[in-house]
Amino acid sequence: MPLTNREIADIFEKVATLLEIKGEIIHRVLSYRRAGETIRDLPRDLHAIAAEGTLTAIPGIGDTLATKITEMLETGTLQFYEKLAAEIPPGLVEVVHINGVGPKKAKLFWKELNITTIPELEAAAREGKLRNLAGMGEKSEKKIIEGIEALSRQTGRVPLGIALPAAQAILDRLMTLAGASEGAIAGSIRRGRPTIGDVDLLVASDDATPIMDTFVKMEQVARVLGHGPTKSSVELLNGLQVDLRILEKSRWGTALNYFTGSQAHNIRMRELALKAGYSLNEHAFSPVDSQGNIQEDAPKILCDSEEKVYATLGLPWIPPEIREDSGEIEAAQAGKLPELITLNDIQADLHMHTTWSDGTLSIREMAEAALQRGRKYIVITDHSQYSAIANGLSVERILQQQLEVRQVDQEMGGRIRVFHGVEMDIRSDGTLDYPDEVLEKLDFVVASLHISLRQPREQITQRVLNAINNPHVDLIGHPRGQLLPDREPADLDMDAVFAAAKEHGTALEINANPRRLDLEAQYARRAVELGIPICIDTDAHAAEQMDLMGYGVLTARRGWVTAASVINTWPVEKFIQWTQQRGK
DNA sequence: GCCGTTTTCGGCCCGACTGTTTTCAGTCG
């Protein structure tokens, strides 16, 4: 079994931690860590990139790491890691995951007490053996026990669809307090990441203390992880960690920019600032001398808006969703930032269900709900016959349904157009769930994987290719089949999927349901670069699920998607024209 | 380990909070 991108990323990240425990210089450590992060979010397989000989074109991959990647691709292992793991117990990588334990402490426990695993550490802490070590005391011993308990409670990353409303509720509460003049959700939620590690909130106020005190004493707080005058962290009863920072309003721009991240983007911003003669932090730009020392007597530049922060560096404002140091700084410098799609651009929803299969509303009710939300046209796409559990439509029923769709379309009197489609299963054996004679009667055909998602790469890829190669199929729904936060995507050869979609002009979906957000941003970006049409759909099974469109738009924006690439931003005439060109 | 119209060698972002310290190291984001 060849190693996947994810497995290679894991090895690099383990190497980074082991090197850090060993005491290696931090920049070498960070090279491995950054390489791991980059590879984790890569939209292409390392196999394909290696075959092209372009591994070193990946940012942060030089000759050394390219050689190591090649070794892993060819042999499935990395000698350098094996050697390192023989020298430094690899169990320490887990120990470092305990909150409050870093590489230095892990090394201390290992060297002094021969501790190499979390259970050993917990036992030592409970026996009071840690408190006498250098730099340790009773409090830090207690914190380690708490850290281990927190780790076992930890639910992992939280889907954006859960974290965002929770964050908004807390922020709303804080903004009712006197002295809170401005507030924002920052961090990875603001950047629209599909899953969230912790919630970052920012409030502007000249009097932070009462707001901080309220924050750490909220009823949903399980424990206070840190409590300072401008920065506090709490763990909620539901396990979510929330960080709050409070700064003066005159510093809102630098603060929001800093607290939104990503860290990699911040580093680039600070490097740019240094080149321009400033040290940049969350408070201000501070002039530095040629040695890089801050000139305390020189006036600082305060920014009350993010626009001003970027302008100080000679840049246009960069949308949060693309602040990942994945080319946005260079694009901004060149004046080539994309005009990202917005929710207002969305004209239609091309994937939804009704009571004909597993939805909760009739065709007419879905049309009314879509109209209320400003949609100009929709496609009714109930499940196909193979999805018996979802009350999928037999050939007879889907033909019947068409009559009702046509009738509702008439009834709506042009206020909204209602088209007839289907979400057709791609069956396990790779065949499609309706014959061409049925498909050709439909206005729009979505084909989706729902079952046998764990098939080997070649087999499952071929299923998707079969669908794309059918001229009646217009869109591949939720192409990778992931469910957040836990179900892994199918092992698809995305290069092959993209090539086929490009050849046939088949669209790929960004499913807006926050459980899916599939395609993910990096794949959407790649698809758009290749000229493949995108469709952002809610897959709504009820009226209120139509309101989830914003999550899909966020994901699209993370993928640098502009409205022009998205079918359902088009006016209905253009949509009809597109489907007719495809033989409808 | 990466990277480069200042550099192929010598840099590599910055600050808050904690707990242990008598002035700071470690951790975190």
Side-chain angles (χ1 to χ4, degrees), chain A residues 12 15-17 19-21 23-36 38 55-69 80 95-109 130-144 146-147 186-188 196-202 208 212 216 224-233 241-247 251 254-255 257-276 278-286 288 290-294 313 325:
Chain A
F12 276 160
V15 166
T17 303
L19 287 174
E20 200 176 13
I21 294 167
E24 185 59 75
I25 58 160
I26 191 64
H27 298 107
R28 191 174 173 216
V29 171
L30 290 175
S31 295
Y32 280 96
R33 190 156 291 148
R34 276 197 282 261
T38 302
L55 284 172
T56 54
I58 302 170
I61 305 293
D63 289 336
T64 305
L65 291 182
T67 305
K68 288 183 161 66
I69 291 169
F80 181 61
V95 170
V96 169
H97 288 157
I98 301 166
N99 214 311
V101 179
K104 299 280 171 38
K105 291 271 171 65
K107 184 176 186 179
L108 177 74
F109 303 147
L130 302 183
R131 62 185 65 176
N132 297 322
L133 297 174
M136 293 287 296
E138 280 188 46
K139 274 190 175 173
S140 23
E141 194 175 65
K142 188 158 163 274
K143 270 190 89 165
I144 284 176
E146 286 172 0
S188 48
I196 304 301
D198 55 27
V199 173
D200 298 312
L201 300 178
L202 183 64
M212 269 312 173
V216 297
V224 178
L225 305 172
H227 185 189
T230 67
K231 178 182 174 181
S232 296
S233 296
Q241 184 179 325
V242 185
D243 298 343
L244 172 64
R245 298 228 27 182
I246 304 181
L247 283 100
R251 304 168 190 275
T254 43
N257 182 240
Y258 157 74
F259 215 29
T260 297
S262 65
Q263 192 181 26
H265 179 85
N266 288 352
I267 290 173
R268 289 295 306 279
M269 292 286 283
R270 290 168 176 195
E271 286 171 354
L272 286 182
L274 281 176
K275 280 183 190 155
Y278 297 99
S279 172
L280 170 62
N281 61 26
E282 58 267 50
H283 302 286
F285 287 91
S286 306
V288 291
S290 54
Q291 319 297 321
N293 299 312
I294 291 177
L313 296 174
D325 188 25

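Chain letters run A, B, ... following the sequence lines, proteins first and then strands; every chain starts at 1. Remember, predicted model here, so these are calculated numbers, not experimental data.
Nearest-nucleotide positions on DNA chain B for A/D243 and A/P59 put A/P59 closer to the 5' end. Where A/Y32 and A/A134 meet DNA chain B, the nucleotide closest to each residue was compared, and A/Y32 sits on the side nearer the 5' end.
B/dT6 and B/dC12 are spaced 16 Å apart, taking the C1' atom of each and rounding to whole Å. Comparing the C1' positions of B/dT18 and B/dT23 gives an interatomic distance of 15 Å, to the nearest angstrom. Between the C1' atoms of B/dT5 and B/dG1, the separation comes to 24 Å (whole Å). Annotation: B/dT20 and B/dG26 have their C1' atoms spaced 10 Å apart (nearest Å). Rounded to a whole angstrom, the distance from the C1' atom of B/dC3 to that of B/dT8 is 9 Å. For the C1' atoms, the distance linking B/dC13 with B/dC28 amounts to 14 Å, nearest Å. Rounded to a whole angstrom, the distance from the P atom of B/dT27 to that of B/dT21 is 15 Å. Atom C1' of B/dA16 sits at a distance of 26 Å from the matching atom of B/dG11, rounded to the whole Å.
Put simply, CE on A/M269 and NE2 on A/H265 are 4.5 Å apart, with the number rounded to the nearest 0.5 Å. How far OH of A/Y32 is from CG of A/L65: 5.5 Å, rounded to the nearest 0.5 Å. The distance from the CZ atom of A/R34 to the CG atom of A/D325 is 9.0 Å, given to the nearest 0.5 Å. Rounded to the nearest 0.5 angstrom, A/I21 CD1 and A/L108 CG are separated by 12.0 Å. To the nearest 0.5 Å, atoms CG (A/D198) and OG (A/S188) are separated by 6.5 Å. Rounding to the nearest 0.5 Å places CG of A/L313 at 9.0 Å from CG of A/N257.
Protein atom CD of A/Q241 is 9 Å distant from nucleotide atom C1' of B/dC28, rounded to whole Å. One atom, CG of A/D198, and another, C1' of B/dC28, lie 10 Å apart when rounded to the nearest Å. When the C1' atom of B/dC3 is taken as reference, atom CG of A/D325 falls 13 Å away, rounded to whole Å. For the pair A/L55 CG and B/dC2 P, the interatomic distance rounds to 12 Å; values are reported in whole Å. Atom-to-atom, CD of A/E20 to C1' of B/dC28 comes out at 12 Å; the value is rounded to the nearest Å.
For the residue pair A/R33 / A/T17, a side-chain donor-acceptor distance below 3.5 Å is found, with atom types taken as modelled.
Counting heavy atoms of neighbouring residues, nucleotides and ligands inside a 6.0 Å radius, atom OH of A/Y278 does not exceed 12 of them.
A close approach under 4.0 Å does occur between a side-chain nitrogen or oxygen of A/T64 and OP1 or OP2 of B/dC2.
A/I61 comes within contact range of the sugar-phosphate backbone alone, with a heavy-atom separation under 4.0 Å but no base atom that close.
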Apply salt bridge (charged side-chain N to carboxylate O under 4.0 Å, His left out) to the pair A/K142 and A/E146, showing each step before the final yes or no. CA-CA 6 Å; A/K142 188 158 163 274; A/E146 286 172 0; 3.5 Å; yes
Apply side-chain contact (heavy atoms from CB on, under 4.5 Å) to A/L247 and A/H283, showing your working. CA-CA 8 Å; A/L247 283 100; A/H283 302 286; 3.4 Å; yes
Between protein and nucleotides 8-19 of chain B, map the contacts as a letter string: B base, S sugar-phosphate only, - none, heavy atoms under 4.0 Å, written 5' to 3'. ----BBBBSSSS
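Pairing partner, B/dT8: none, since no Watson-Crick or wobble contact has both distances short of 3.5 Å.
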Could you go through nucleotides 22-27 of chain B and list every protein N or O atom that sits under 3.5 Å from one of its N or O atoms, giving the distance for each pair?
| residue | atom | partner | partner atom | Å |
| --- | --- | --- | --- | --- |
| B/dT27 | OP1 | A/G102 | N | 2.7 |
| B/dT27 | OP1 | A/G102 | O | 3.2 |
| B/dT27 | OP1 | A/K105 | N | 2.9 |
| B/dT27 | OP2 | A/K104 | N | 3.2 |
| B/dT27 | O5' | A/G102 | N | 3.4 |

